[in-house]
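Note that the coordinates shown come from a computational prediction; the quantities given were computed from them, not determined experimentally.
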Amino acid sequence: MSKQYTVECIWPAEARLGEGVVWIEQEQALYWVDILKETLHRYQPSSGEQQSWSQKPMISAVLPTQIPGESTTFVATYADGVKLLRDGTVYPLLDPEPQLPDNRLNDAWVAPNGDLWLGSMDCQIKQDSGKFYRLTPALSLSSLSEQYWVTNGPTFCDKQGYGYFVDTENFTILRSKLTDGGDASALKPWLEIDRSFGNPDGITIDAEQHIWVAHYNGAQVSRYTPEGKLERQIAIPALNVTKCAFGGPNLSTLYVVSAREGMSEQQLRDYPLSGGVFAIELDDIKGVTTPAFAIKEYPTP
């Protein structure tokens, strides 16, 4: 855990709540969102080009789909539901929680079978009204029974058949074996995060099936073995680290996003790059290809 890494701030964006970072292989580009600024961002490492688009209300995650075309069609989560997004055009799919106007959708990822898993939470974190949902390509929606203050993740290990889900406020990562039908109903605590590390936020998995955890209020990311042993930590010059994802031509760059919402003046002086996007070159570790939501065409109205 003592190896030193160079952490480069590639975009000092001053994001209020940077999240949803994802590598799109087709474009060799990085996408991420600022939930509270209601903005989708794109960064292309080869040129350094930065682009931003307004996305209301409160976009929280974007992932590629299997819908063909020259440009990527994303499935995206917003405060008011799940939508398809392509070239600035938004196509609503469904709202999992129309009865909960104070909730919004949060993090999301795609399971090995192509299902989209997403979480919700109370916007003000005043109640444990968040749930994890599973959306199939046929737009069949189901949910896990438990409720949470803040949901994050999930991510999935194809080789071992596990899904990992984050209970951020309780410093716990939950795990379930996926059934043959793709369900993850037997969710159990897998790893309790040391509270001195900061709250576990977004997670990702690498090619060795190790779990990477971003620590909110912890200024670092941690890597855990499949057995739950802390393998290494990397300090990030931002207090609230929110999510990480592998990208680059060889999937050997770890991209990290962060947030500056709610930080005190002293904390901002101590961590002036909070809200930035960071890149770390890992010569000994690679990630896995970003999975695509297995919807193959726009639904018929």
Side-chain angles (χ1 to χ4, degrees), residues 5-56 59-77 83-90 107-110 202 204-207 212 214 221 234-238 240-260 271-293:
Y5 294 94
T6 298
V7 180
E8 177 187 4
C9 183
I10 57 173
W11 193 338
E14 298 188 356
R16 289 180 63 188
L17 184 52
E19 266 288 3
V21 62
V22 61
W23 178 257
I24 303 301
E25 191 169 16
Q26 175 185 355
E27 303 179 26
Q28 289 291 293
L30 189 78
Y31 283 81
W32 62 284
V33 304
D34 186 337
I35 297 175
L36 297 181
K37 288 185 180 179
E38 300 180 310
T39 307
L40 172 65
H41 300 284
R42 180 182 186 270
Y43 172 76
Q44 192 149 33
S46 61
S47 65
E49 181 183 28
Q50 301 171 354
Q51 296 172 280
S52 302
W53 302 272
S54 176
Q55 291 292 315
K56 299 181 179 182
I59 188 171
S60 58
V62 292
L63 288 157
T65 70
Q66 294 182 14
I67 297 174
E70 292 185 5
S71 58
T72 306
T73 299
F74 295 97
V75 61
T77 54
K83 307 175 186 182
L84 296 178
L85 172 63
R86 183 172 186 169
D87 296 332
T89 301
V90 176
D107 209 354
W109 204 250
V110 175
T204 194
I205 197 165
D206 63 31
W212 290 79
V221 293
I234 302 175
I236 306 296
N240 297 323
V241 185
T242 53
K243 193 172 178 68
C244 54
F246 284 91
N250 301 314
L251 296 178
S252 58
T253 304
L254 185 68
Y255 291 102
V256 180
V257 291
S258 62
R260 61 197 287 122
Y271 296 95
L273 291 176
S274 290
V277 183
F278 304 89
I280 309 162
E281 297 300 330
L282 301 174
D283 54 7
D284 60 336
I285 299 170
K286 292 185 178 181
V288 296
T289 303
T290 303
F293 181 41

* **Plane angle bin for Trp32 and His41 - parallel if under 30°, tilted between 30 and 60°, otherwise perpendicular** => parallel
* To do: Could you tell me how the ring of Tyr31 sits relative to the ring of Trp53: parallel (under 30°), tilted (30 to 60°) or perpendicular (over 60°)?
  =>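 Parallel.
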Say whether [X] and [Y], considering side chains only, have a donor N or O and an acceptor N or O under 3.5 Å apart.
X	Y	answer
Arg86	Thr73	yes
Gln28	Ser46	no
Asp87	Ser71	yes
Ser60	Thr77	yes

* State, with a plain yes or no, whether a side-chain heavy atom of Val288 is found less than 4.5 Å away from one of Phe246. => no
* Side chains of Trp212 and Val256: does their closest heavy-atom pair fall under 4.5 Å? -> no
* To do: Could you pull out the closest heavy-atom pair between Ala279 and Thr253, with the gap in Å?
  =>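 Closest pair (atom of Ala279, atom of Thr253, distance): CB-CG2, 4.0 Å.
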* Which heavy atom in Tyr5 sits nearest to a heavy atom in Ile280, and how many Å separate them? -> CB-CG2, 3.8 Å
* **Reported CG-to-CD distance for the pair Leu273 and Glu8, which is rounded to 0.5 angstrom** =>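 That separation rounds to 11.0 Å.
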* Atom CD in Gln55, atom CG in Asp34: separation rounded to 0.5 Å? ->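 If we round to the nearest 0.5 Å, Gln55:CD and Asp34:CG are 12.5 Å apart.
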* Asked: Residues in salt bridge (charged side-chain N to carboxylate O under 4.0 Å, His left out) with Asp284, at least two apart?
  ->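 Here the qualifying residues are Arg232.
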* Asked: Is any side-chain N of the basic residue among Asp206 and Lys286 closer than 4.0 Å to the acidic one's carboxylate O?
  -> no
* Take Phe293 and Leu63 through the test side-chain contact (heavy atoms from CB on, under 4.5 Å) and record every step on the way to the result. => CA-CA 7 Å; Phe293 181 41; Leu63 288 157; 5.7 Å; no
* Asked: For the side chain of Ser54 and the backbone of Thr39, is there at least one donor-acceptor N/O pair under 3.5 Å apart?
  -> no
